[in-house]
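First the structure, in the form of structure tokens, and then the observations on it.
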There are 2 protein chains.
Amino acid sequence: MARWKPDARGRLQRAALELFAERGFEQTTALEVAERAGVTERTFFRYFPDKREVLFDGAGELQRVIVESIDSAPATLAPIDVVGAAMQVGAGFLEGGREYSRQRAAVIAANPSLQERELLKLASLGAAVAEALRRRGAPELTAALAAEAGVSVFKIGFETWIGDDSAPEFRQCIRSALDQLTSLTAASTRTEQAPDSTTSGTPPQSAAPLSASPLSASPLSA
Amino acid sequence: MARWKPDARGRLQRAALELFAERGFEQTTALEVAERAGVTERTFFRYFPDKREVLFDGAGELQRVIVESIDSAPATLAPIDVVGAAMQVGAGFLEGGREYSRQRAAVIAANPSLQERELLKLASLGAAVAEALRRRGAPELTAALAAEAGVSVFKIGFETWIGDDSAPEFRQCIRSALDQLTSLTAASTRTEQAPDSTTSGTPPQSAAPLSASPLSASPLSA
DNA sequence: CCATCAATGTCAGTTACTGCCATCAGTCTA
DNA sequence: TAGACTGATGGCAGTAACTGACATTGATGG
């Protein structure tokens, strides 16, 4: 009908963020987003696999930047330092759009299903970082832990940067978190003594996994 | 119609895990789960807010056990040690149901939307742990980082425990991850030198947040 | 002017949920 | 013991997120 409008994807993204910020994610229909963008609902789902994904288009870029940083780091650097540096590079990638980041973070914080998607993206980032570390020779467990630590630092650094107007640059927030993590683990006074397993009154066996007890015991067939 | 059947919740949970394991999560309808459990689809959604939640009933219990462990830890213990001990208590809570944990983990690993839900549960656990740490006087940043570290160790310990038949007890896996984390951060050789921000060719400003670039620049209004 | 291709529009259909109301058995009470 | 009450369900209609199949349209190359 109407003439051919370019940048449908971008218009959908902007329309979505606006509407989600105004009425909230759940109170906004994919159809409404599409209409504001001047396209059909069907077109919305051609650009994005689901309604949430319209807010996460840049995750792939961020991940790529961080992984590239790791791949190009000097081979002699310790895994934790490689990851720390990579997270600062990632921070530099976002540094320019603080207001946008704020708005987007607010929308996500207001909806659990959006939080889930963000956590999945971060998990994906963690997996990619771990793989990159293994690529440069880090042992399995080391790679996994360093990656998780890096993502945690990034996440916490981001929250600090976003949440505090007087906060320094994003990169600086990450540096602080990194230092904090180092002193945290260094502060361990633990001897070889494992804490009493029944501390909280939980019997050693029985116990349900991440799910309810009714299922645990036997092969949950009954 | 039929006489009153007890434990509808438990039957739904078992039916769901069976069907999800057989045909996969997406290939299984909420209606099918309900029918196998001998109830209506409507009843399924009375017990669980959504189809995924039927697999995560025990998350609350695990969280409670861990938080209680933190609350009852000696006040002198360093945050990282408190968290480490708490995660071992949590591990003890699941220790008895390894086979169940395996099956459940396999189902979850096979579906992204289930992974998302699991990540949300873990994030909730992390938030609760951080809060418990603050309650005992830990500074904001310290609490957040120690909590994240604890959850990471728990997650990695769990994967080790589940994925390797020759792996030791869950608690042992966590201990290993904990030690590994300590030596990891201690291995940092970083000076006060921050890595070059433009390492990966990203200009200091511009840059898109966690989302695509088209939106970043201005207040994304245009 | 016609074949073609990419980006859309149209439509019908499945499925996850939700609100509302009826039913049914067990219980408490006058 | 009839009647009110309550807790757990069944039934049903309706919304909204996706999806597959097919028609349309505008720009392009020959």
**Prompt:** Rounded to the nearest 0.5 Å, how far apart are CD1 of A:Ile80 and CG of A:Leu181?
**Reply:**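 Between A:Ile80 CD1 and A:Leu181 CG, I get 6.0 Å after rounding to 0.5 Å.
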Dump the pairs, protein N or O against N or O of nucleotides 13-17 of chain D, anything under 3.5 Å, distances to one decimal.
residue	atom	partner	partner atom	Å
D:dA17	OP1	A:Lys51	NZ	3.3

**Asked** Side chains of A:Glu118 and A:Arg52: does their closest heavy-atom pair fall under 4.5 Å?
**Response** no
**Asked** Where the side chain of A:Arg136 meets the backbone of A:Asp71, is there a donor-acceptor pair that is under 3.5 Å apart?
**Response**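 Such a contact is absent between A:Arg136 side chain and A:Asp71 backbone.
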**Request:** Test A:Lys155 against A:Phe158 for side-chain contact (heavy atoms from CB on, under 4.5 Å), laying out the working first.
**Result:** CA-CA 5 Å; A:Lys155 191 201 296 185; A:Phe158 180 81; 5.7 Å; no
**Item:** Of A:Glu26, A:Gln27, A:Lys51, the residue whose pairing with A:Phe20 passes side-chain contact (heavy atoms from CB on, under 4.5 Å)
**Value:**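 Of all the options given, the one that passes is A:Lys51.
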**Request:** Return the value, rounded to whole Å, for the distance between atom CG of A:Asp7 and atom C1' of C:dA7.
**Result:**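 Nearest whole value for this atom pair: 14 Å.
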**Asked** When the distance from CD of B:Glu35 to C1' of C:dT15 is rounded to whole Å, what number comes out?
**Response**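 Value for this atom pair: 14 Å.
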**Request:** Look at A:Tyr47 and C:dA7 and indicate whether a side-chain polar atom (N or O) is within less than 4.0 Å of OP1 or OP2.
**Result:**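 Negative; the distance criterion is not met.
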**Message:** C:dG9, OP1 or OP2 - any side-chain N/O from A:Thr43 closer than 4.0 Å?
**Reply:** yes
**Message:** Using 30° and 60° as the class boundaries, would you call the ring planes of B:Phe44 and B:Phe48 parallel, tilted or perpendicular?
**Reply:**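 Answer is tilted, since the angle falls between 30° and 60°.
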**Prompt:** Between the base of C:dG9 and the side chain of A:Arg46, is there any donor-acceptor pair under 3.5 Å?
**Reply:** yes
